[in-house]
Structure formats: structure tokens, C-alpha cells
Amino acid sequence: FFGRLLIKPITQLRNMARDIATGNHDVDLNINTDLIEIKYLSRDLDGMRQALVNNKKEIIDRESRLRAILDNAGEGIVSIDGNGLIRSFNLAAESIFGYTADQVLGRNVSMLMSSPHREKHDDYINNYLQTGIAKIIGTGRRLQAQHKDGRLIPIYLNLSVVQQDHDYTFTGIIRDLSSEEAKDTQ
């Protein structure tokens, strides 16, 4: 008798915990039992579930705010991983390069570069990852980038890197110098 009294609510809690672990945070953790310890356990698990829900909401809200900040920045912002693959591409970058984010995400950033940097860019990344020696990271420089339509765009690039565990994120802040150079030629 005691075994059934204990096993049934524990099995229910275990199944509910599995549901929560798989992302179902709408689980009702109210267990009908006379065992006060099981009621306490149920209450504590529900507190953990609610904390997960709150944390997930905070992360989504924070990510949404960050995306809004990036998308409304006046400069192009492009981030890549250690393989040179584009991971983020803000609205200003879309305007500068003529691509939408969907067209470039997951592709090699070299598609935005002119020769000879296009052909050498993967080597630049590999050299940095192997030696840790930064040649342009942390400094700004003028370069020619390549627009979707093939024309060259004068830009000013400021590059930074962040390392988390063994993952690297390189972020380029890009200013289109086309209008400035047009003024200089007049």
C-alpha cells in the first residue's frame, strides 16, 4: 500500500520534470497526495519551473533589445565565427552591401571583400587563431569592400574579437565612405 502511495506521485513528478526538461513549461505540478514531502517537492519543482520561464523570458527580451540596438545603429555591424561564417548582419550592413541578412547568414564573409583580401581572409583568421597575433584587430583601417552588384565600396573597418571558451566571434563595425569620398572629389 505504502509503495503505491509513494510511487504514483513520484512517477508523476518524474514525468513532469521530463516535460519541463524538453521545453514544456506549461506543466501543472499540482500533485494530489497526502504525503507532505511530495507536496513540498512538487512546490519546489514548480518554483524551479517558474524560474526557468522567467529566465527564458528575460533572455528573449534581452535578445530583442540587443537586436533593436544593432539594427538601429548607424554603422554596419557584421559578426563572424572562427570559420569566417557570418553570424549577424544588421540593417546598416544590408544598406551598405546590398544583401539582406538572410542572403549572407552562414556564408563566408569573404563574399563582402574585394581582392586580394577575399582570397586571403581565411588565412588571416587561421593565423590569428594559431598565433594570437592581431594585425588589424583593435585598429581601424580603410578598405575596399564589394557590393552585391559587384562595385567596390570604400569603407572604414574597425575589427574586434571576443573569445568565449574556445569559440571566437569577430565583429566588424563598418562605415561607408562613399559619400565622403564623393565630396572630396568635387
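None of the values given here were measured: they were computed from a predicted structure.
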inquiry  = If the condition is side-chain hydrogen bond (donor to acceptor under 3.5 Å, both in side chains), which residues does His25 pass it with, not counting sequence neighbours?
reply    =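 Per chain and number, His25 pairs via side-chain hydrogen bond (donor to acceptor under 3.5 Å, both in side chains) with no residue.
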
request  = Can you sort out the partners of Arg118 under side-chain hydrogen bond (donor to acceptor under 3.5 Å, both in side chains), two or more places apart, ordered by chain and number?
outcome  = Gln146

message = Is it the case that over 12 heavy atoms from other parts of the model lie below 6.0 angstrom from the CG atom of Asp149?
response = yes

Over 12 foreign heavy atoms within 6.0 Å of CD, Glu63 = no

Look at the side-chain heavy atoms of Ile, Leu, Val, Met, Phe, Trp and Tyr, link any pair under 4.5 Å apart, and say whether [X] and [Y] land in one connected group.
{"X": "Ile69", "Y": "Val78", "result": "no"}
{"X": "Met113", "Y": "Ile77", "result": "no"}
{"X": "Leu70", "Y": "Leu85", "result": "no"}
{"X": "Leu91", "Y": "Ile153", "result": "no"}
{"X": "Leu66", "Y": "Phe89", "result": "no"}

ask   = Can Arg175 be said to sit on top of Tyr156's aromatic six-ring, NZ or CZ under 6.0 Å from centre and within 45° of the ring axis?
value =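 Positive - Arg175 is close enough to the ring of Tyr156 and near enough to its axis.
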
Among side-chain atoms of [X] and [Y], is any donor-acceptor pair under 3.5 angstrom?
{"X": "Thr100", "Y": "Asp102", "answer": "no"}
{"X": "Asn54", "Y": "Gln50", "answer": "yes"}
{"X": "Thr22", "Y": "Asn24", "answer": "no"}

Hey, what do you get for [atom1] ([X]) to [atom2] ([Y]), rounding to the nearest 0.5 Å?
{"X": "Tyr40", "Y": "Leu45", "atom1": "OH", "atom2": "CG", "result": "15.0 Å"}
{"X": "His117", "Y": "Ile136", "atom1": "NE2", "atom2": "CD1", "result": "8.0 Å"}
{"X": "Phe97", "Y": "His147", "atom1": "CZ", "atom2": "NE2", "result": "9.0 Å"}
{"X": "Leu157", "Y": "Gln144", "atom1": "CG", "atom2": "CD", "result": "12.5 Å"}
{"X": "Asn158", "Y": "Ile173", "atom1": "CG", "atom2": "CD1", "result": "7.0 Å"}
{"X": "Thr169", "Y": "Gln163", "atom1": "OG1", "atom2": "CD", "result": "10.0 Å"}

task = Could you walk me through whether Val104 and Met111 pass side chain to side chain contact (heavy atoms under 4.5 Å, CB included), step by step?
result = CA-CA 9 Å; Val104 299; Met111 70 185 287; 3.8 Å; yes

inquiry  = Can you tell whether the side chains of Lys120 and Asp123 come within less than 4.0 Å, N to carboxylate O?
reply    =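 Here Lys120 does not pair with Asp123 in a salt bridge, since their nearest N and O are not under 4.0 Å apart.
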
task = Flag the pair Lys57 and Asp61 as a salt bridge only when some basic side-chain nitrogen lies within less than 4.0 angstrom of an acidic carboxylate oxygen.
result = yes

task = List the steps and the verdict of side chain to side chain contact (heavy atoms under 4.5 Å, CB included) for Leu29 and Ile20.
result = CA-CA 10 Å; Leu29 287 168; Ile20 292 168; 3.9 Å; yes

task = Given side chain to side chain contact (heavy atoms under 4.5 Å, CB included), test Leu52 with Met48 step by step and report yes or no.
result = CA-CA 6 Å; Leu52 278 172; Met48 290 171 54; 5.8 Å; no

request  = With sequence neighbours left out, write down each residue that passes ring pair (Phe, Tyr, Trp, His ring centres under 6.0 Å) with Tyr128, or none if nothing qualifies.
outcome  = Phe170

Contact summary for Thr171 and Ser79, nearest pair of heavy atoms =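 Nearest pair, atom of Thr171 first, then Ser79: OG1-CB, 3.8 Å.
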
task = Could you tell me which non-hydrogen atom of Pro9 sits nearest to which non-hydrogen atom of Thr33, and how far apart they are?
result =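 The pair with the smallest heavy-atom distance is CG-OG1, 4.1 Å.
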
request  = Answer yes or no: is there a donor N or O on one side and an acceptor on the other, between the side chain of Asp81 and the main chain of Asn83, under 3.5 Å?
outcome  = yes

ask   = Would you say Thr131's side chain and Asn127's backbone share a donor-acceptor pair under 3.5 angstrom?
value =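 Yes, the answer is positive, given that a donor and an acceptor are paired below the 3.5 Å cut-off.
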
